[in-house]
Number of protein chains: 2
Amino acid sequence: MSIMKAVAVDIDGTITDKNRKICVNAIKALRKSEDKGCPIILVTGNVLCAAKMVAVMIGTSGGIVSENGGFIQTRKQNLVLGNIEKCKPAYKFLKSKYNIEKTEFSDIRMSEIAIKRTIDVEVVKKTLADFDVEIYDTQFAIHITDPEVNKGSSLKIVANDMGIDISEILAIGDSENDLEFLEVAGLKVAVANADKELKDVADYITKAPYGDGAAEAINKFIL
Amino acid sequence: MSIMKAVAVDIDGTITDKNRKICVNAIKALRKSEDKGCPIILVTGNVLCAAKMVAVMIGTSGGIVSENGGFIQTRKQNLVLGNIEKCKPAYKFLKSKYNIEKTEFSDIRMSEIAIKRTIDVEVVKKTLADFDVEIYDTQFAIHITDPEVNKGSSLKIVANDMGIDISEILAIGDSENDLEFLEVAGLKVAVANADKELKDVADYITKAPYGDGAAEAINKFIL
């Protein structure tokens, strides 16, 4: 195992509890990693504005992958990478068949469309099978995303702007939309509450669930 | 002193440290207050999306006053209360005279304009004296705001939608834009790092500064 130079971590379900409350132990571990010179990159399905507030509140300095890779903030620039125009006709078709609703702050989502989990994700996938979109269920929302981008391809760009190789990154996640960024990272960690498919690719599965699991991984591999 | 039924608290400088990192002791105290049935109302100059993320991360349930009162989220509704059209000509005039820059996410600010603190606030106040705007310096940004709204008048609306009288609210702040919401609240607390004018109206000034001060006040008056 090479020495890790940065930590890429999902937010909801990974450094929070199941109700999205931030875990105090995770905050402490993430700050210790920053203090030790190992910056944190936040990797989320949420909008950039919300993710940026998490970065400020915790004190992370590595950049942000938001909207499942569709909108990133590196140390050098903000970049919209996903094409929301691909998502709009898919959303419109789904809306014509089912009573769905976008998540809050949908007007500031730049690259994809997120809807509330009032519909079964398998129904969404089946209904939109002929559209050029990727469907993610993050357990907090269902995302209709441009398939050309994902958390992994966008993490590479953020890492590159930091001068860090993707193989030097410890990645921690819990959900199916974290699969791509775990796959590209040097060291892959799934928290105990993670989806099975994420655990299948993980180098290490934490004993503790949620934010305590993320803290466990950072303590074990970074501190 | 009547029994307090809710806590209204500013974010930056009040439950954070001087670099805007959230204080772990403040998180713990705010969560205990919520658990005890005393909900937290966040009162900030920041945009609603960012404030909402803080509410989710801490787990506050009392509603949000954002944009210095210009945009609120009560338990029943979202309401834009400030008129950004008043602020635009003032900003344009200031911009014609000085090299100023709006803060991040300015395109989602609904009711006011916030600029980076690269200019002296007294210069801003003097330059815009003839415009129908209020100028606030939060120590984190300079805000050009509709004078018809402030944190105090908007807190009343949030409290009303909760069925709580403003006299039953404990208010905690640090900065000059917190003056109006402290003035209307039943119990007024300034953290140790607060501006002098806020300390002058406070019923209690905490011994500890920043987030530890907010935790101290909640422990003293609520828990």
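Heavy atoms only: backbone and side chains are in, while hydrogens, waters and symmetry mates are out.
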Peer 1: Do other residues, nucleotides or ligands put more than 12 heavy atoms under 6.0 Å from the NZ atom of B/Lys32?
Peer 2: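 Open: at most 12 neighbouring heavy atoms sit under 6.0 Å from NZ of B/Lys32.
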
Peer 1: Does anything in residues 99-118 of chain A get under 4.5 Å of chain B by heavy atoms, and if so which residues?
Peer 2: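 Within residues 99-118 of chain A, the residues under 4.5 Å from chain B are A/Glu104, A/Phe105, A/Ile108.
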
Peer 1: Is there a side-chain contact between B/Val24 and A/Arg31 in this structure, where contact means two heavy atoms from C-beta onward sitting under 4.5 Å apart?
Peer 2: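 In contact.
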
Peer 1: Would A/Met57 and B/Lys21 count as a side-chain contact (heavy atoms from CB on, under 4.5 Å) here? Give the steps.
Peer 2: CA-CA 4 Å; A/Met57 286 175 73; B/Lys21 285 191 208 173; over 6 Å; no

Peer 1: Under a 4.5 Å heavy-atom cut-off, does chain B meet the side chain of A/Leu48, its backbone, both or neither?
Peer 2: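 The answer is both parts of A/Leu48.
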
Peer 1: Which heavy atom of B/Met53 sits nearest to which heavy atom of A/Asn46, and what is that distance?
Peer 2: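 Nearest pair, atom of B/Met53 first, then A/Asn46: SD-ND2, 3.7 Å.
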
Peer 1: Take atom NZ in B/Lys95; do more than 12 heavy atoms of anything else shown fall under 6.0 Å from it?
Peer 2: yes

Peer 1: By a 4.5 Å heavy-atom criterion (distance strictly below it), what part of B/Asp17 contacts chain A: side chain, backbone, both, or neither?
Peer 2: neither

Peer 1: Distance from A/Ile27 atom CD1 to B/Ile22 atom CD1, nearest 0.5 Å?
Peer 2: 7.0 Å

Peer 1: Decide if atom NZ of B/Lys86 counts as having more than 12 heavy atoms of other residues, nucleotides or ligands within a radius under 6.0 Å.
Peer 2: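 Yes.
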
Peer 1: To check you understand the geometry: which heavy-atom pair defines the closest contact between A/Ala50 and B/Cys49, and what is its length?
Peer 2: N-SG, 3.8 Å

Peer 1: Write out, in numerical order, the residues from residues 135-154 of chain B with a heavy atom short of 4.5 Å from a heavy atom in chain A.
Peer 2: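 Those residues of residues 135-154 of chain B which would need a heavy atom under 4.5 Å from chain A do not exist here.
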
